[in-house]
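Sequential numbering from 1 along the given sequence is applied to the chain's residues. As the structure lists them, so they are numbered: ligands from 1, and atoms in each ligand from 1.
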Amino acid sequence: MRIFGTAFSALALGTVMALSAVGTSMAGEGGDAITERRALMRLQGAAAGAIKAAIDSKDAARLKQVEGAARALAFSSRAIPTLFPKGSDAKAGETKALDKIWADPTGFKKSADTMGTLATALADALKNSDAAKAMAAFGALGKDGCGGCHGAYRRD
Ligand code: HEC
């Protein structure tokens with residue numbers, strides 16, 4: 001389990017960094033950006049799933065193991081805005097991204113920043129193996145972080 005946790009975090013962080021580099025260099029290539037951001041989002045979902053399983057176990061060692069996955073989520077929040085270049089809307093490919101993202105880039109970035117803040121709070125609770133705090137922080141991340149942005153900027 002320990003090896004899985006560490007390897008997962010390293011993989012998640014590496015993939016996020018690669019995607020964020022790609023996102024920056026390819027800004028403007030709509031279809032590729034859609035593929036990349038959907039991959040990043042799925043990775044975020046996998047990280048959240050691994051964290052939730054650890055929290056549910058209430059095992060102190062497992063909580064600590066997924067701290068890195070929560071830090072990766074905080075890092076990945078900074079990559080999100082780079083993966084929505086102008087032109088990567090529904091005309092460029094299959095996407096649930098709403099046009100509001102490009103009409104209100106400041107609000108979109110703020111949404112990503114909120115996710116980053118909440119993921120960092122989660123990582124801190126995990127670091128201290130505080131299961132109750134981690135559960136509350138996980139709920140807030142899902143509702144106001146991921147959910148906050150999805151509710152405003154993603155088609156159902
Ligand atoms: C700042 C905005 C924003 C934040 C924060 C955000 N997402 Fe997303 N997410 C989106 C948008 C927009 C889409 C639709 C992308 C598309 O279809 O091009 C999406 C799509 C997804 C998808 C579907 C991917 C697919 O296969 O098409 C998953 C899963 C997902 N997000 C998970 C998460 C999780 C988990 C978090 C929080 C840890 C999160 N997202 C945070 C904006 C956000």
request  = Supply the atom-to-atom distance Asp59 CG to Lys64 NZ, rounded to the nearest 0.5 angstrom.
outcome  = 11.0 Å
query = With sequence neighbours excluded, what pairs up with Lys109 under the side chain to side chain donor-acceptor pair (under 3.5 Å) test?
reply = Asp113
request  = Could you tell me the separation between the CD atom of Glu94 and the OG1 atom of Thr35, rounded to the nearest 0.5 Å?
outcome  = 10.5 Å
task = Would you indicate which of Arg38, Arg42, Met115 comes nearest to atom 27 (O) of ligand 1 when only heavy atoms are counted?
result = Arg38
ask   = What salt bridge (charged side-chain N to carboxylate O under 4.0 Å, His left out) pairs are there with at least one residue in residues 48-57, not counting sequence neighbours?
value = Lys52-Asp56
task = Flag Thr95 as yes when one of its N or O atoms lies below 3.5 Å from any N or O atom of ligand 1, and as no otherwise.
result = yes
ask   = Atom NZ of Lys133 and atom CD1 of Ile55: how far apart are they, to the nearest 0.5 Å?
value = 13.5 Å
inquiry  = So Ser88 and Thr95, do their side chains get closer than 4.5 Å, heavy atoms only?
reply    = no
request  = Looking only at protein heavy atoms, identify the closest one to atom 15 (C) of ligand 1 and say how far it is in Å.
outcome  = Arg37 NE, 4.0 Å
task = Take atom 8 (Fe) of ligand 1 as the centre and count protein N, O or S atoms at distances under 2.8 Å.
result = 2
query = Against heavy atoms of Gly145, which atoms of ligand 1 measure under 4.0 Å?
reply = 5 (C)
Show me the side-chain donor-acceptor pairs of residues 101-108 shorter than 3.5 Å, one per line, residues at least two apart or across chains.
from: Trp102; atom 1: NE1; to: Phe84; atom 2: O; distance (Å): 2.9
from: Trp102; atom 1: NE1; to: Pro85; atom 2: O; distance (Å): 3.2
from: Asp104; atom 1: OD1; to: Gly107; atom 2: N; distance (Å): 3.0
from: Asp104; atom 1: OD2; to: Tyr153; atom 2: OH; distance (Å): 2.9

message = Among Ile80, Thr82, Leu83, which residue satisfies the side-chain contact (heavy atoms from CB on, under 4.5 Å) criterion with Arg37?
response = Leu83
query = For ligand 1, does Phe84 get within less than 4.0 Å through its side chain, its backbone, both, or neither, judged by non-hydrogen atoms?
reply = side chain
ask   = In terms of residue, atom name and distance, what is the protein heavy atom nearest to atom 17 (O) of ligand 1?
value = Lys96 N, 2.8 Å
task = Please lay out, stage by stage, how Leu73 and Ile51 fare under the test side-chain contact (heavy atoms from CB on, under 4.5 Å).
result = CA-CA 11 Å; Leu73 281 178; Ile51 293 168; 4.0 Å; yes
inquiry  = Quick check on contacts: which atoms of ligand 1 are under 4.0 angstrom from a heavy atom of Ala112?
reply    = 1 (C)
